[in-house]
Participant: 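One structure is given below, represented as structure tokens, and several questions about it will come after.
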Amino acid sequence: MSKVALVTGASRGIGRAVALRLSEDGYTVIVNYSGNKEKADAVVKEIEAKDSEAESYQCQVQNHDEVKEMIKHIKDTYGRLDVVVNNAGITKDTLLMRMKPQMFEDVINVNLKGAFNVIQNVSRMMIRAKSGRIINISSIVGSLGNAGQANYVASKAGIDGLTKSVARELASKNITVNAVAPGFIESDMTDVLNDDLKTKMLEQIPLQKFGQAEDIAEAVAFLASDNARYITGQTIHVNGGMYMG
Ligand code: NDP
């Protein structure tokens with residue numbers, strides 16, 4: 001039976017590219033999404049067209065019960081879960097003084113609590129299997145900070161901390177936990193930014209171009225692979241040199 005990977009928020013953007021890339025490595029992929037069934041099903045079709053297996057699964061990652069149900073479904077259907085990629089994420093940007101408490105909570109709930117919900121629910125299965133890879137999608141701004149994104153940056157800095165703590169807890173069970181921190185990647189999330197801001201961003205990128213979702217997918221595929229077996233608790237930055245640590 002082939003290995004199984006769950007990618008949250010895989011209907012579009014980075015998650016979609018990760019799902020496609022892992023399927024190339026032979027994984028059966030669960031394409032999680034929030035509301036965009038058409039796009040999630042299109043990703044599944046793309047994978048199936050290459051003779052690999054996939055299924056779409058709707059679930060709000062911020063809802064612990066829904067996540068529990070999703071992991072139970074994976075366990076009952078496939079009996080294993082080798083790789084989890086916590087990619088689902090949202091932004092609700094505005095300056096601190098204008099940020100409604102709900103905007104802060106919503107972003108923390110999806111981006112950070114969502115990852116916790118998934119990790120907590122998959123870890124039992126991985127501990128039993130004495131094997132597993134957990135890969136969390138962080139962000140460059142979790143390291144840099146960013147005006148107008150206090151909620152989002154807090155969620156991503158939280159992801160980096162969550163990654164290190166869980167890596168320490170699960171290392172003895174042969175489970176690695178790492179994060180990939182994208183810089184500026186072309187996707188629906190960044191399409192909404194105005195041209196002025198994009199030009200300013202570009203000036204700060206030594207490689208002088210925006211990243212593609214596939215650039216992140218390659219880093220994830222590496223961390224999921226056996227070649228990365230001795231790497232845990234790390235945040236790998238993929239950002240064209242925009243932040244050098
Ligand atoms: P997109 O906005 O293009 O896609 C977001 C994905 O997340 C969609 O598949 C969406 O599903 C899903 N999603 C949103 N909310 C939920 C939820 N509550 N439960 C489950 N799934 C959900 O984002 P990107 O591809 O740009 O970003 C992906 C990740 O990468 C995010 O964590 C983001 O923070 C991070 N990142 C992105 C950067 C960039 O430059 N693009 C830079 C740094 C980090 P649906 O289609 O159903 O709405």
Side-chain angles (χ1 to χ4, degrees), residues 6-21 29-44 46 54 56-71 84-93 105-118 121 135-146 149 151-160 162-163 179-193 197-198 201-202 204-205 209-217 219-220 235-240 242-243:
L6 164 67
V7 184
T8 67
S11 48
R12 298 183 272 127
I14 291 170
R16 171 182 169 275
V18 168
L20 293 171
R21 180 65 183 79
V29 183
I30 289 72
V31 176
N32 162 254
Y33 66 101
S34 159
N36 220 323
K37 179 169 170 39
E38 217 170 286
K39 292 215 165 159
D41 287 345
V43 176
V44 169
E46 239 181 292
S56 63
Y57 194 102
Q58 194 275 336
C59 154
Q60 304 289 334
V61 292
Q62 68 272 34
N63 184 317
H64 197 270
D65 289 343
E66 284 186 26
V67 171
K68 195 172 177 186
E69 198 51 45
M70 174 170 68
I71 303 308
V84 166
V85 184
N86 284 306
N87 166 79
I90 59 168
T91 52
K92 292 200 175 179
D93 297 352
E105 279 171 34
D106 288 349
V107 171
I108 295 287
N109 279 342
V110 173
N111 297 9
L112 181 56
K113 185 170 171 257
F116 162 77
N117 287 342
V118 173
N121 278 294
I135 300 155
N136 302 319
I137 304 302
S138 176
S139 169
I140 185 174
V141 297
S143 298
L144 284 176
N146 199 20
Q149 287 198 308
N151 49 2
Y152 182 79
V153 171
S155 76
K156 294 303 186 179
I159 281 285
D160 292 343
L162 179 72
T163 299
V180 175
F184 190 109
I185 306 298
E186 287 180 343
S187 78
D188 291 348
M189 190 179 268
T190 48
D191 268 358
V192 295
L193 302 173
L197 192 68
K198 284 186 187 170
M201 293 266 191
L202 203 50
Q204 295 168 41
I205 303 174
K209 57 188 170 203
F210 295 132
Q212 301 302 310
E214 290 71 21
D215 297 322
I216 306 307
V220 172
T235 296
I236 311 278
H237 287 269
V238 181
N239 58 33
M242 197 175 176
Y243 168 73

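Whatever order the structure lists ligands and atoms in, that order sets their numbers, starting from 1.
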Participant: For Lys198, I'd like to know if atom NZ has over 12 heavy atoms of other residues, nucleotides or ligands within 6.0 Å.
Facilitator: yes
Participant: Counting only nitrogen or oxygen atoms and a 3.5 angstrom limit, does Phe184 reach ligand 1?
Facilitator: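 No - when backbone and side-chain N and O of Phe184 are compared with those of ligand 1, no distance drops under 3.5 Å.
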Participant: Tell me, please: is Ser155 in heavy-atom contact with ligand 1, that is, under 4.0 Å?
Facilitator: no
Participant: Starting from atom 46 (O) of ligand 1, find the nearest protein heavy-atom neighbour and note its residue, name and distance.
Facilitator: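 That would be Ser11 OG, 2.6 Å.
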Participant: In Å and rounded to the nearest 0.5 Å, what is the OH to CG distance from Tyr243 to Leu144?
Facilitator: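 Here the rounded value is 6.5 Å.
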Participant: Any chance you could measure Ser139, atom OG, to Asn239, atom CG, to the nearest 0.5 Å?
Facilitator: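 If we round to the nearest 0.5 Å, Ser139:OG and Asn239:CG are 9.5 Å apart.
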Participant: Nearest non-hydrogen contact with atom 5 (C) of ligand 1 belongs to which option: Gly13, Ser187, Gly89?
Facilitator: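 The option holding the nearest heavy atom is Gly89.
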Participant: Contact between Val238 and Ile185 at the side-chain level, heavy atoms closer than 4.5 Å - yes or no?
Facilitator: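 No, every pair of side-chain atoms sits at 4.5 Å or beyond.
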Participant: Would Gln60 count as a contact residue for ligand 1, given that I'm defining contact as a non-hydrogen atom of the residue lying under 4.0 Å from a ligand atom?
Facilitator: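 Within the 4.0 Å threshold, so yes.
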Participant: So, taking the atom named CZ in Arg21 and the one named CD1 in Ile216, what distance separates them when rounded to the nearest 0.5 Å?
Facilitator: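 The CD1 atom of Ile216 is 13.5 Å from CZ of Arg21, to the nearest 0.5 Å.
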Participant: Any atoms of ligand 1 less than 4.0 Å from a non-hydrogen atom of Gln62? List them with their elements.
Facilitator: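 The list of qualifying atoms is 17 (C), 18 (N).
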Participant: Checking a contact table here: which protein heavy atom is nearest atom 2 (O) of ligand 1, and how many Å away?
Facilitator: Arg12 NH1, 3.5 Å
Participant: Should Met201 and Thr190 count as side-chain neighbours, where that means a heavy-atom distance under 4.5 Å?
Facilitator: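 No; the side chains remain at least 4.5 Å from each other.
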Participant: Distance alone, cut at 3.5 Å: any donor-acceptor contact between the side chains of Asn146 and Gln149?
Facilitator: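 There is such a pair between these side chains.
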Participant: Compute the shortest N/O to N/O distance between Val61 and ligand 1 and return yes if it is under 3.5 Å, no if not.
Facilitator: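 Such a contact does occur with ligand 1.
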Participant: In ligand 1, which numbered atoms sit nearer than 4.0 Å to a non-hydrogen atom of Asp188?
Facilitator: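 Those of ligand 1 that fall under 4.0 Å from Asp188 are 3 (O).
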Participant: Looking at Thr190, which atoms of ligand 1 are within less than 4.0 Å of one of its heavy atoms?
Facilitator: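 Answer, ordered by atom number: 39 (C), 40 (O), 41 (N).
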Participant: I want to check something: taking the side chain as every heavy atom from C-beta on, are Thr163 and Ser138 in contact at a cut-off of under 4.5 Å?
Facilitator: no
Participant: Please verify whether a non-hydrogen atom of Ile137 lies at under 4.0 Å from ligand 1.
Facilitator: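 It does, in that a heavy atom of Ile137 comes within the 4.0 Å cut-off of ligand 1.
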Participant: Tell me which part of Lys156 gets within contact of ligand 1: side chain, backbone, both or neither, using heavy atoms under 4.0 Å.
Facilitator: side chain
Participant: Could you list which atoms of ligand 1 come closer than 4.0 Å to a heavy atom of Ala88?
Facilitator: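 Reading through ligand 1 atom by atom, the close ones are 7 (O), 20 (C), 21 (N), 22 (C), 32 (O).
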Participant: Quick one: are Val18 and Asn87 in side-chain contact, heavy atoms under 4.5 Å?
Facilitator: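 No; the side chains remain at least 4.5 Å from each other.
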Participant: Which atoms of ligand 1 sit under 4.0 Å from any heavy atom of Ala10?
Facilitator: 9 (O)
Participant: Tell me which protein heavy atom sits closest to atom 16 (C) of ligand 1, plus the residue, atom name and distance to 0.1 Å.
Facilitator: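 Checked against all protein heavy atoms, atom 16 (C) of ligand 1 sits closest to Ser34 CB, 3.5 Å.
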Participant: Who's the nearest protein heavy-atom neighbour of atom 31 (C) of ligand 1, and how far?
Facilitator: Asn87 O, 3.1 Å
Participant: Going by heavy atoms in the side chains, are Leu112 and Ile159 under 4.5 Å from each other?
Facilitator: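 With C-beta onward as the side chain, the pair touches.
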Participant: Pull out every atom of ligand 1 sitting under 4.0 Å from any heavy atom of Cys59, numbered as shown with elements.
Facilitator: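 Answer, ordered by atom number: 19 (N), 20 (C).
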Participant: Return yes when Phe210 approaches ligand 1 closer than 4.0 angstrom through a heavy atom, no otherwise.
Facilitator: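 No; Phe210 lies far enough from ligand 1 that no heavy-atom distance drops under 4.0 Å.
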Participant: Are any of the N/O atoms in Gly35 less than 3.5 Å from those in ligand 1?
Facilitator: yes
Participant: Measuring from Gln62:CD to Asn111:CG, what's the distance to the nearest 0.5 Å?
Facilitator: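 Output value for this atom pair is 9.5 Å.
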Participant: Is any side-chain heavy atom of His64 less than 4.5 Å from a side-chain heavy atom of Asn121?
Facilitator: yes
Participant: Within ligand 1, which atoms have a heavy atom of Asn32 less than 4.0 Å away?
Facilitator: 20 (C), 21 (N)
Participant: Which residue holds the protein heavy atom closest to atom 37 (C) of ligand 1, what is that atom called, and what is the gap in Å?
Facilitator: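 Result for atom 37 (C) of ligand 1: Ile14 CD1, 3.7 Å.
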Participant: How close does the nearest protein non-hydrogen atom get to atom 40 (O) of ligand 1, and which residue and atom is it?
Facilitator: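 Nearest protein contact, heavy atoms only, for atom 40 (O) of ligand 1 is Ile185 N, 2.8 Å.
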Participant: Mind checking whether Ser138 has a heavy atom under 4.0 Å from ligand 1?
Facilitator: yes
Participant: Going by atom types only, do Asn36 and Ser11 share a side-chain donor-acceptor pair under 3.5 Å?
Facilitator: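 Side chains of Asn36 and Ser11: no pair found under 3.5 Å.
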Participant: Are the side chains of Val43 and Ser56 in contact, using a 4.5 Å heavy-atom criterion?
Facilitator: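 A side-chain contact under 4.5 Å is absent here.
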Participant: Looking only at protein heavy atoms, which one is nearest to atom 7 (O) of ligand 1, and how far off is it?
Facilitator: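 Atom 7 (O) of ligand 1 sits closest to the protein heavy atom Gly9 CA, 3.5 Å.
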Participant: Any heavy atom of Arg16 sitting closer than 4.0 Å to ligand 1?
Facilitator: no
Participant: Is any side-chain heavy atom of Leu193 less than 4.5 Å from a side-chain heavy atom of Phe184?
Facilitator: yes
Participant: Ile90 heavy atoms, cut-off 4.0 Å: which ligand 1 atoms fall inside?
Facilitator: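 Close to Ile90: 14 (C), 15 (N).
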Participant: How far does CD1 of Ile30 sit from OH of Tyr57, to the nearest 0.5 angstrom?
Facilitator: 10.5 Å
Participant: Please determine which of Val67, Asp65, Val61 meets the side-chain contact (heavy atoms from CB on, under 4.5 Å) test together with Asn63.
Facilitator: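 Among the candidates, only Asp65 passes.
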Participant: Using heavy atoms and a threshold below 4.0 Å, how should the contact between Val110 and ligand 1 be classified: side chain, backbone, both, or neither?
Facilitator: side chain
Participant: Looking at ligand 1, would Gly183 count as a contact under a 4.0 Å heavy-atom criterion?
Facilitator: yes
Participant: Measure the distance from atom 36 (N) of ligand 1 to every protein heavy atom, then report the residue, atom name and distance (to 0.1 Å) of the closest one.
Facilitator: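 Result: Tyr152 OH, 3.5 Å.
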